Amino acid sequence: MAIEEKLNEVAEVEPQKELLGQAKAVLAMNDQGSHTIPAEGLYPHQWLWDSCFIAIGLRHVDVERAKQELLSLLRGQWSNGMLPHMIFASGDAHRRDRNLWRSWVNPYAPSDVTTSGITQPPMLAEAVVRVGEKLSQPERRTWYHTVYPALLAHHQWLYKERDPHEEGLALQIHPYEVGLDNTPPWLAQLHEHSRPWWIAALEKTHVDKFVNLFRRDTKHVPPGQRMKNTDALLYYDVIRRLRRKRYNIDSILTRSLFAIEDLTFNSVLVRANHCLQHIASNIRQDLPEELEQRMHKTERALEQLWDGYSGQYYSRNFVTHKLIKEPTIATLLPLYAGSVSSERAQQLVTLLTNKHLFGANYPVPSVPLNSSWFEPLGYWQGPSWVNTNWLIIDGLRRYKFHKEAEWLQQRTLELVETSGMNEYFSPVDGKPAGAANFSWTAALTIDLLQE
């Protein structure tokens, strides 16, 4: 090897070591002992898919701590199998958050902790498998045996409660359930079907600006980087209705104004099912035959979300079965699911690299650059996020688009190295936004560095 090449290697290694150190420091800063919060101040509770992403990074640093991160999620599991999207911190400071959701109105909720009444994309099985990769075979089997009953119960709940017509796709009842909180398809549906008169009156009289006095997020982050006040009120109104129906899915669907079969959620579900099958096989457990059949149906059903005219995947209205044709980063996530054809995967890669759609200076924007919704710093309406980049990178590798995966991985690491461990970033100029010292950004940076 030439001296110049050796020097170049050293030059590359040193910044990576520094970036790794910064990422570890963020995780240590947000460590609560049994679990990790996303960020100090803005996010004081534990979130489902945050902890899954965090464990995927932590496994490289401390595999036992990564296991604990995932096990801590199980303390919030409801007796019917549901994994809530939030487990609330204790103490008087967070009483208002707990009272907003009032999980105790549902008989299946745990009595020793307070949670939300909805779920989030089922990333747990993926995280369990990733942590298992760091264990010896005997340790891995013990680990899988430990988490298998809870995982099985959760997947059975997903199909029992969220696929009532046995069509293969899971439905969601609140935008928070998809992880991409104020993503355009959901907002479009909310504005069309669920706009109470009192919210319209507040907006018309401009009184909605006073909502900022009661919002925690806009005390930590500029309002322009969060969802609009009227949208936040719409989300609150949905929570209030779900709570009034005691989070009972039969009551919710009886008079539901909207329910969506979300593309992001169902793409993650396909991958989660594969991981659950891997876990069961490793510990020589037979999944229930009915569950296996419904898992296979999900893979086939995902293709029902493809629109041949626009060449994209979309979410779907559960009641009407009409596609909600608001393009977002979700159209790329069937790559992560790994169940689409090679031809379809190639079409998605073409979207990814199109400079008018997702081929931004700092990819991947959460909505296409040419979308009417696009705002570079508008929460899930434009910014680039490390977690969705990670999902797409994983999918690209599965379909052997190694060149594209390497490109996206390097651009993601460059973005974090230049702009810091923030929650999200402008895809136009890389400006950091949202919460600083964000845990899943740090954790997934560690994982990408290991690649």
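Quick caveat, the model's predicted, so the values are computed rather than measured.
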Does either side chain, that of W373 or that of E326, offer a donor lying less than 3.5 Å from an acceptor on the other one?
yes
E177 vs R162, test: salt bridge (Lys or Arg N to Asp or Glu O under 4.0 Å). Steps then yes/no.
CA-CA 12 Å; E177 291 202 311; R162 297 309 183 86; 2.7 Å; yes
Side-chain touch R398/R271, heavy atoms, less than 4.5 angstrom
yes
Sequence neighbours left out, what pairs pass ring pair (Phe, Tyr, Trp, His ring centres under 6.0 Å) with at least one residue falling in residues 404-432?
Y379-Y424, W385-Y424
Answer yes or no: is there a side-chain heavy-atom contact under 4.5 Å between I446 and R59?
no
Is the shortest side-chain heavy-atom distance between L190 and V238 below 4.5 Å?
yes
Report yes if some heavy atom in the side chain of L415 is under 4.5 Å from a heavy atom in the side chain of N389; otherwise report no.
no
Which atom names give the shortest non-hydrogen contact between S103 and S116, and what distance separates them?
CB-O, 4.1 Å
Indicate yes or no: does D394 engage R397 in a salt bridge with an N to O separation below 4.0 Å.
no
Examine the side chains of Q46 and S51 and answer whether a donor and an acceptor come within less than 3.5 Å of each other.
yes
Under 3.5 Å side-chain donor-acceptor pair for W186 and D181
no
Mark yes or no for whether N266, through its side chain, and D262, through its backbone, hold a donor-acceptor pair below 3.5 Å.
yes
Side chains of Y314 and K325, heavy atoms from C-beta outward: is any pair under 4.5 Å?
yes
Measure the shortest side-chain to side-chain distance between R294 and K160 over non-hydrogen atoms and say whether it is less than 4.5 angstrom.
no
What distance do L234 atom CG and I239 atom CD1 have between them, rounded to the nearest 0.5 Å?
11.5 Å
Aromatic ring proximity, centroids under 6.0 angstrom, Y247 and Y108:
no
Among side-chain atoms of E126 and Y336, is any donor-acceptor pair under 3.5 angstrom?
yes
Pairing of K403 and E406 as salt bridge, 4.0 angstrom limit:
no
Side-chain heavy-atom pair Y159, N273 within 4.5 angstrom cut-off:
yes
Any side-chain donor-acceptor pair under 3.5 Å between D447 and W390?
yes
Min side-chain heavy-atom separation Y144-V128 under 4.5 Å
yes
Checking K297, R316, R344 against E303 for salt bridge (charged side-chain N to carboxylate O under 4.0 Å, His left out), the one that qualifies is R344
